[in-house]
Amino acid sequence: MKLSRLASILGIQRIDHDREIEVLLTDSRQLTFPSSTLFFALITPTGDGHLYIDELYHAGVRAFVVEKLQKEESEYPEAQFLIVPDVLDALQKIGAERRQSFKGKVVAITGSNGKTTIKEYLYQLLTTAGVNADRSPRSFNSQIGVPLSLWQADPEAEVCLVEVGISKPGEMERLAKIVDPDIVLITNIGEAHQENFSSLQQKAEEKCKLATHSSPALLLYNGRDKVLSEAVSVISPPPLCRSYTEHRSRLTPPVSVAELLLPENLSAIMALLDELVPSLSPDTTIWSQLEPVEMRLEIFNGIYDTTIIDDAYNNDASALLLALEQLKRVSEKSQTPSCLILSDMTGMSAPHLREALLSQVSDMIRKMPPDKLIFVGKQLAALTAELSGMTSTPLCFESTNHFLETFDPQTLKGYTILLKGARTFKFEKISALFHPKRHQSILDINLTALLDNLKYYRSLVPSETRFVAMVKAFGYGSGDVEIARLLEAHHCHYLAVALIDEGVKLREEGIRMPIMVMNPESSALSHMCKHSLEPEVYSLALLDKLIESCRRLGITHYPIHIKLDTGMHRLGFDTHEEFLLLLDKLKSTNRVRVKSIFTHLAAADDITADEKTLGQLHTFQTWAEELEKTLGYTVLKHALNSAGISRFPQYSMDMVRLGIGLYGYPPYEDKGTLKTSLRAVASLKSIILQIKQIPAGDSVGYGTHATADTPRRIGIVPIGYADGIDRRLGNGNMSVRLQDGSLAPTIGNICMDAMMIDLTQASSVSEGEEVVIFDEQLPLQRLSSTLGTIPYEIITSISSRIARHYFRE
Ligand SMILES: *Cc1c(COP(=O)(O)O)cnc(C)c1O
């Protein structure tokens, strides 16, 4: 939409700088297409969008909706500000206007549980049945999320599914006006957000307002929910409504589908299917392609032979039932006893809700009783008496700390344990109790040194150059999540990973900045899109698959990065013929949009290969120009890795990709300032577990070649080749530093989990003392040159069983 059109929706008739707007942005960290972005400077309890205008302007954003001007407009000569009394209201007006252009039916789904499940499965079924459907992404269901999802939705869709959530009174009326639904589905009234409502009745009535907007909608509701049914019955005037739990469908889904979904969610889906696709034949095969929608709980093998189901995400009563089913399945499959550790639910502190909640919990536990019950919190203890007859008597703890201080986790040896706690109970502390402990070797990660390295590279290139930080391969062995968090806070522009899974992990840990995926697997593209990970596109086949995935997910303008192979001969477009086909394809689709184009240098570190490097850079620039000309918009251009930044900073272009240098290792032998400017980020340390005297003539370790001709004193260090200490570093090929600063060489072969060092010269050393394998003073490069390899290989080989400890100076 043109900015001038959006302005007129907001009652602003004249603007100075018009432009095409594709993206509405409310979170400055999610910026991807600055020139076509309209930023809404929202003021929320946790932040003020007006504070990011400067940063966004510098990143290329030119259109802003604001309540006030922080600085003179002349400070932003190219910007257009739309000044409104209320930014949220402006965003909602635009959402509402967009909604009115929809051709198909709008279905709004609300309720305390099951909204996302119903929306996601129904969407899959509708598209399989050939209906052109669209849906709101993830959980875009709030006052901000709903208008954003309407903006993104395809106005041509025959059916648009919109998830609607509220957290306080008054919100539903606003959302109803925006969504203006044709069909409303309400799942149930649970305790979520109950703190803002005086009663469940009040919340039920509030939810019903979704169906009582000016153009009355068909209301489908869960008739088994008493409070909800009551609220529906008093709506005036009475709407057209039906209970979906009483609905008799013509369709008969196979048993496998019934296992995938709770019965109530399944009836909701069937009722909507009958309503939306009356032509569907009873023997339709749409069910067979249903894929499970991901659950949010995490399962891991803990210490003391436990299996931990960590489901601290959602603790209201209906989610408990699902989790108990999971506990039963997992423990039965592994034939282990089951244990539930449950905290009070948020609503339980409210006297008017306590009774009902307690009896719900008690019913569920009776239905699926675990072998052991542990309650944390003051309220659940009330159930002890009534539950003691059926399982072993519940153990009660007043608080999580009380549990941690007094409970011996070994008593749960061999159990499958479900952890279910409200946020405030911080059950992650209990989960940590069962996390496998690492042995005494650690990799210390100095975050201050990492920032110093970034600062150093920033000083080499023009100040507006953006940085992509490479955090592939577990952040070059140094830890991806912690480093990503640090870089996000320090306004790095992009992160890059090699695999989709690496990116998903970052998203799951809450990283929201843009992430590139260098080698996207074509089998997981929809997974990638769901997590807003931006792929490198290196072939036409991959592009086709990507466009197809976007089409299925109803996505347009998905950001991609084009990779040219200008001489590396790894991934990338290499013939001009293919490049032209690529341009044709890009021109003819609106599913994806090119965010950047790049190439990778094969020998930036090699002074004797500069001719090749310059050739690569020139080819790249020519093709990049051709791409921009053909597509008619500018994209970011980038070519330099760490070595490239040091040696060819004049080719920084829009962005550079910093890898090994960020972690403090020079990418090539250098006699200049590079070596002294970089700081090693990682230090590998272990301890001396035991010291022994070896008589002359005895050998050390496997084999007999390390036979000493004089008596020796040796130390055993619990780190071996399975930890990443190359076996060829044994027999004196490496030394470690002792606490007094002296060096001790290895003796004998390196074992899988241990190595021996010769302490004959170090008589004062005792058991338990620390040894350093590499750090800033004892560089890792010694090891790579002994082994004839590069620092990259050493640092990425440090095993994940070595704990990473992060610190700042
Ligand atoms: C790994 C990688 C980099 C970073 O290289 P360094 O030598 O570690 O700086 C840059 N670009 C691409 C495409 C890469 O795969």
Side-chain angles (χ1 to χ4, degrees), residues 450 453-454 456-458 460-461 465-478 480 483-484 487 492-500 502-503 514-521 533-539 542 560-574 595-607 609 613 616-617 620 624 636-649 651-670 674-675 677-678 680-682 780-781 784 789-797:
L450 188 124
N453 295 333
L454 179 60
Y456 167 70
Y457 279 101
R458 277 189 166 144
L460 299 182
V461 296
T465 313
R466 295 157 194 244
F467 273 76
V468 182
M470 308 302 297
V471 293
K472 59 189 176 189
F474 191 50
Y476 286 53
S478 300
D480 44 5
I483 290 176
L487 294 167
C492 205
H493 292 89
Y494 258 100
L495 297 175
V497 294
L499 310 177
I500 292 173
E502 294 179 322
I515 301 176
M516 272 181 212
V517 181
M518 314 304 283
N519 308 341
E521 311 87 290
L533 302 168
E534 304 176 11
E536 160 187 322
V537 169
Y538 53 80
S539 72
L542 176 65
I560 62 170
H561 305 269
I562 301 295
K563 172 136 189 211
L564 300 183
D565 173 7
T566 55
M568 173 88 179
H569 298 318
R570 208 166 60 182
L571 296 175
F573 291 91
D574 51 3
K595 185 74 207 297
S596 85
I597 183 166
F598 71 105
T599 193
H600 196 39
L601 300 175
D605 55 339
D606 182 354
I607 308 173
T613 302
Q616 278 195 278
L617 288 164
F620 171 69
L636 299 170
K637 294 170 282 297
H638 47 115
L640 303 182
N641 58 357
S642 304
I645 304 171
S646 297
R647 302 205 49 247
F648 301 92
Y651 288 94
S652 302
M653 298 179 247
D654 302 303
M655 200 147 85
V656 294
R657 300 187 306 274
L658 180 59
I660 194 81
L662 185 60
Y663 304 94
Y665 307 110
Y668 53 91
E669 286 290 331
D670 169 68
L674 183 58
K675 205 162 164 181
S677 306
L678 292 183
V681 167
L780 158 151
Q781 289 91 302
S784 54
T789 182
I790 47 178
Y792 299 74
E793 186 179 345
I794 308 282
I795 189 68
T796 56
S797 306

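Start at 1 and go down the list; that is how both ligands and their atoms are numbered. Computed from a prediction, not measured in an experiment: that's the story for all the values here. The figures that follow rest on heavy atoms only: side chains count, while hydrogens, waters and symmetry mates do not.
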Report yes or no: does Asp565 contribute a side-chain atom to a donor-acceptor pair with the main-chain N or O of Met568 at less than 3.5 Å? yes

Counting non-hydrogen protein atoms only, what is the nearest one to atom 11 (N) of ligand 1? Give residue, atom name and distance. Arg657 NE, 2.7 Å

Heavy-atom gap Glu536 to ligand 1 smaller than 4.0 Å: no

Taking both backbone and side-chain atoms of Met470, is any N or O found less than 3.5 Å from an N or O belonging to ligand 1? no

In this structure, are over 12 heavy atoms from other groups packed under 6.0 Å from Glu521 atom CD? yes

Any donor and acceptor pair, going by atom type alone, linking the side chain of Thr599 with main-chain N or O of Ala639 inside 3.5 Å? no

Quick check against the 3.5 Å criterion: does Asp480 have a side-chain atom that pairs as donor or acceptor with the backbone of Phe474? no

After noting the C-alpha distance and the side-chain angles of Thr465 and Ser652, does the key distance pass the side chain to side chain donor-acceptor pair (under 3.5 Å) rule? CA-CA 7 Å; Thr465 313; Ser652 302; 4.7 Å; no

Is Ile660 in polar range of ligand 1, meaning some N or O pair under 3.5 Å apart? yes

Can you tell me if Met516 has a non-hydrogen atom under 4.0 Å from ligand 1? no

Considering all heavy atoms, the nearest Ile660-Tyr476 contact: N-CE2, 3.5 Å

For atom 8 (O) of ligand 1, find the nearest protein heavy atom and state the residue, atom name and distance (0.1 Å precision). Tyr476 OH, 2.6 Å

Taking atom 15 (O) of ligand 1 as the point of reference, which of Lys472, His600, Met518 owns the nearest heavy atom? Lys472

Distance-only N or O hit between ligand 1 and Ser642, under 3.5 Å: yes

Going by the angle between their ring planes, with limits at 30° and 60°, are His561 and Tyr494 parallel, tilted or perpendicular? perpendicular

Are a donor atom and an acceptor atom from the side chains of Arg657 and His600 found within less than 3.5 Å of each other? yes

Can you sort out which atoms of ligand 1 are near Arg570, meaning under 4.0 Å from one of its heavy atoms? 15 (O)

shortest atom 5 (O) of ligand 1-to-protein heavy-atom contact is with Asn641 CB, 3.5 Å

Counting from 1 in the order shown, the ligand 1 atoms closer than 4.0 Å to a non-hydrogen atom of Tyr792 are 6 (P), 7 (O), 8 (O)

